[in-house]
Amino acid sequence: MGVMRLSPIASISLLAFLPLAAAAQTSPPSPPRIALPTVTVTAQKEPADRQAVPASVTAVSADTLWNAKISFVSDAGVYAPNTFFNEFSARKLSNVFMRGVGASPGNPGVTTYIDGVPQLNANSSNIEFTGIGQVEFVRGPQSTLFGRNTLGGVINIASERPSMTDFVSTIVVPVGNFDSREFHLSGSGPIGRHFALGLSAGHSSRDGFTVNDVTGNDLDSRQATFGKLQALWAPSPSWETRFIVSAERARDGDYALNDLGSLRRNPFHAARDFEGYTERDIFNTTVTSHNEGRRFSFSSTTGFVKWNTADETDLDYTPLPAATRSNIEDDFQFTQEFRLASAAAAPVALGTNAALRWQTGVLFFSQDYEQEAVNRLAPFVLSQFIGFPVNQTSPRAALDEIGIGLYGQATLTLRSVFDITLGARFDRENKHAILETFFSPAIAPSSFLDTTADFSNVSPQASLAYRFLPTHMLYVSGARGFKAGGFNPASPPGSEAYGEEHTWNVEGGLKTAWAGGRVTANASVFWIDWSDLQLNVPNPFVPAQFFIGNVGGATSRGAELEFNARPVSGVEIFGAAGYTRARFANGTRSSGIDVSDNQLPFTPEYTATVGAQLSRNVRNVTLYGRGELSALGAFHYEASNSAQQDAYSLTSFRAGARNKFLFAEAWVKNAFDTRYIPLAFPYPGFAQSGFIGESGRPRTFGISAGLTF
């Protein structure tokens, strides 16, 4: 396409050159501690050293979020092996796949938690980051502690705690190509001895990447205003309560969808007569409370999530005035979790060489979801005999659910080197659906369904861990994953309901630290077996609409490796790689087609990220630079494996300077302007190739300046 590209080998060679260039800089007079910091994660609902948790966990710290200019959870996902985001240009549609496990927004296979609150619908999970302290990617089924819809894993997003000691404020103003403009403000500090406040807010906007050749306008612009207010009350060293309110108002352009063949010939171009929009508003309120006693710890997490979306688009995605679609969604969820556990510093002593840690809890949740979508069809679109416009309402739906989860887990530690962990969770929920589809004028009978269903499940888990050296641990675990059944807002007749999905998962791993804590290296292997696999498949009667169906079985197996090193002061090297072989089982059918032994959709054969972060102090000014390469193997867009994205890689760089109060930097993402299409789906009838898709983000670059005080 006439675009400069750099091979993965050349990109890695360029990254390897960066430490040599940095070595020429002046060394700091008194280097900081070289060892890597301890990474604390909440993968098992309580703070623990990542190297001591018998699970595959990738933690993206606040420093990495800053150094890599990460604004969304999908950008952080490149550091987690075997993790892929199927993401539209509209920010509300961002679906994550881990080790091949994924699903639709209304019934995700990987659930995102924000400050301990599960996002029951994925439409509220892809928020613009402000005041975020850490993001964790926990891979493998987490149903024992986190419950339903975590059979692929969990993403934990944690807000940065307000400072109880000092006032700290930062202002950042980035600008870039595509008329990208941002403003970020954050600050926190103590008010009295026991109270602290934190505030973060921002605004971002950019022009679209995709041009409509019919009008010359860009389509997929983005604009959002967002903020977060926190209050932290800590009346004693053992008790604290946090109150967190956050909101986001997004006013984005249309979907950047176009015929797949056309996109490959002419990326970032579309041709349509109608230009729409996608809008989303989110308002979250979270209250957490924790008491660490001498023998017990108690915590409570209360969450209210309110979001709504409105979008309009050219449904045929051609210059013809054939079809448009308007869609409105509204959702409110409430969650309340109580957790009781043994005190962190005082496990139950069972003799001189044995100790027991335990936890138990209960989660209540409810969710009310409504959707109304109308397809406006021009004369003769439905049939050569229907010469007048028709409105197809598909769906008008109301989905209500309420549920409870009870869990418990215990870990027996023998001689301080051997851990035996057993746990189980019981989930039960009730779902009520009112589903309606109809035409106006009434050219065909309407469809109406008012129904209720109950789902329940027990999810067991067991693991063994052995620390054969103080810094080396072997572990093996087995667990059952569970994804609830439910109802499709719209689907072909007879497919309104879908059943539960289950997995059995076995994982083994090795976690190590070397060279006095300067190096950590972790590896794992896994095997997953599905039954009653839920698959997001296109609705043959309604364009651009999908429904969930149980299609059969599947297996997934693979391996993962993560590496972090700080060989000398001011130099950090990191890398992660994963391999997944995910296949449908024999006899599995999707959309009437036998897909036995086909690859699961949106599951790259491999993922890999490698990079380096460098810094040097020169006369009280810190010079820093970062480079990284991310590569993905080939993957298919749908179950029949009739269209795929070939392997590709993306390279990013960042460099700047800062002193005590000021900083300035330059950055570039997708530096070599790699062209790729990470998202496509079948679209017979309107798309010449049979598929429509969206181009991945092009090269973006800019500068940032800021003030810290």
Side-chain angles (χ1 to χ4, degrees), residues 104-107 121 274 276 308-318 320-331 367-401 430-455 485-499 534-551 589-593 638-639 681-687 690 692:
S104 68
N107 206 47
N121 190 302
F274 180 84
N308 57 74
T309 67
D311 56 87
E312 291 203 19
T313 189
D314 186 334
L315 194 59
D316 57 282
Y317 301 108
T318 71
L320 300 174
T324 62
R325 177 180 174 86
S326 64
N327 179 51
I328 297 175
E329 297 173 87
D330 188 88
D331 187 274
Q367 181 176 215
D368 301 321
Y369 170 85
E370 295 181 356
Q371 181 184 14
E372 182 164 354
V374 179
N375 300 328
R376 297 182 290 268
L377 308 174
F380 305 109
V381 170
L382 281 175
S383 167
Q384 60 178 331
F385 303 107
I386 302 178
F388 48 86
V390 175
N391 287 346
Q392 179 190 35
T393 299
S394 178
R396 177 183 291 168
L399 302 176
D400 300 328
E401 56 186 307
N430 172 270
K431 293 190 175 184
H432 176 227
I434 300 176
L435 311 175
E436 187 177 6
T437 61
F438 57 91
F439 290 94
S440 180
I443 60 173
S446 62
S447 172
F448 180 83
L449 181 67
D450 186 338
T451 186
T452 301
D454 295 313
F455 302 94
F487 299 100
N488 292 299
S491 64
S495 300
E496 293 85 357
Y498 55 90
Q534 296 175 8
L535 192 67
N536 214 30
V537 294
N539 188 334
F541 301 106
V542 184
Q545 196 171 81
F546 296 82
F547 69 97
I548 300 173
N550 298 99
V551 300
R589 301 182 67 83
S590 174
S591 300
I593 301 173
E638 40 71 64
F681 54 88
Y683 213 65
F686 290 122
I692 58 172

| note | Closest non-hydrogen contact found for Phe438 with Ser446 is CB-CB, 3.6 Å

| query | Does a donor on one side chain and an acceptor on the other come within less than 3.5 Å for Gln367 and Tyr369? | reply | no

| query | Is a side-chain donor-acceptor pair under 3.5 Å present for Ser394 with Gln545? | reply | yes

| task | Check Val381 against Ala322 and note the closest heavy-atom contact, atom names and distance. | result | CG2-O, 3.5 Å

| request: Enter the distance from Leu435:CG to Arg396:CZ here, rounded to the nearest 0.5 Å. | output: 12.5 Å

| task | Examine distances only and state if a side-chain atom of Asp316 and a backbone atom of Ala323 form a donor-acceptor pair shorter than 3.5 Å. | result | yes

| field | From CG (Leu377) to CG (Leu382), nearest 0.5 Å | value | 5.0 Å

| said: Show, in sequence, the C-alpha distance, side-chain angles and deciding distance for Gln392 and Val542, and conclude whether the side chain to side chain contact (heavy atoms under 4.5 Å, CB included) test is met. | reply: CA-CA 9 Å; Gln392 179 190 35; Val542 184; 3.8 Å; yes

| request: Would you confirm whether Lys431, through its side chain, and Phe455, through its main-chain N or O, come within 3.5 Å as a donor-acceptor pair? | output: no

| said: Once rounded to the nearest 0.5 Å, what's the spacing between atom OG1 of Thr393 and atom CZ of Arg376? | reply: 10.5 Å

| task | Give the intermediate values and the outcome of side chain to side chain contact (heavy atoms under 4.5 Å, CB included) for residues Phe388 and Ile443. | result | CA-CA 11 Å; Phe388 48 86; Ile443 60 173; 3.9 Å; yes

| field | Point-to-point distance, once rounded to the nearest 0.5 Å, from CD1 of Ile386 to CZ of Phe380 | value | 10.0 Å

| request: Kindly compute the distance separating CD (Gln371) from CG (Asp330), expressed to the nearest 0.5 Å. | output: 11.0 Å

| message | Angle between ring planes, Phe686 versus Tyr683, binned at 30° and 60°: parallel, tilted or perpendicular? | response | tilted

| So, does Gln534 use its side chain to make a donor-acceptor pair with the main chain of Tyr498 at under 3.5 Å? | no

| query | Do you know which two heavy atoms are closest between Pro538 and Phe547, and how far apart they sit? | reply | O-CE2, 3.6 Å

| said: Testing the basics here: between Pro389 and Pro441, what is the closest heavy-atom pair and its distance to 0.1 Å? | reply: O-CD, 3.8 Å

| Should Arg325 and Thr313 be marked as a side chain to side chain donor-acceptor pair (under 3.5 Å) after you check the CA-CA gap, both sets of side-chain angles, and the distance that decides it? | CA-CA 5 Å; Arg325 177 180 174 86; Thr313 189; over 6 Å; no

| Closest non-hydrogen atom pair between Asn121 and Gly106, with its separation | ND2-CA, 3.7 Å

| field | Minimal non-hydrogen separation, Pro395 against Thr437, with atom names | value | CA-CG2, 4.2 Å

| field | Sidechain-backbone polar pair: Thr318 side chain, Leu320 backbone, donor-acceptor under 3.5 Å | value | yes

| Are the side chains of Pro493 and Ser447 in touch, meaning some heavy atoms are under 4.5 Å apart? | no

| said: Using modelled atom types and a 3.5 Å cut-off, is there a donor and acceptor pairing between side-chain atoms of Asn488 and backbone atoms of Ile548? | reply: yes

| message | When you compare the side chain of Asn430 with that of Thr452, does any pair of heavy atoms fall below 4.5 Å? | response | yes

| task | Might you work through the side chain to side chain contact (heavy atoms under 4.5 Å, CB included) test for Val537 and Phe546, ending with a clear yes or no? | result | CA-CA 5 Å; Val537 294; Phe546 296 82; 5.8 Å; no

| field | Pairwise distance CZ(Phe487) to CG(Asn107) - rounded to 0.5 angstrom | value | 12.0 Å

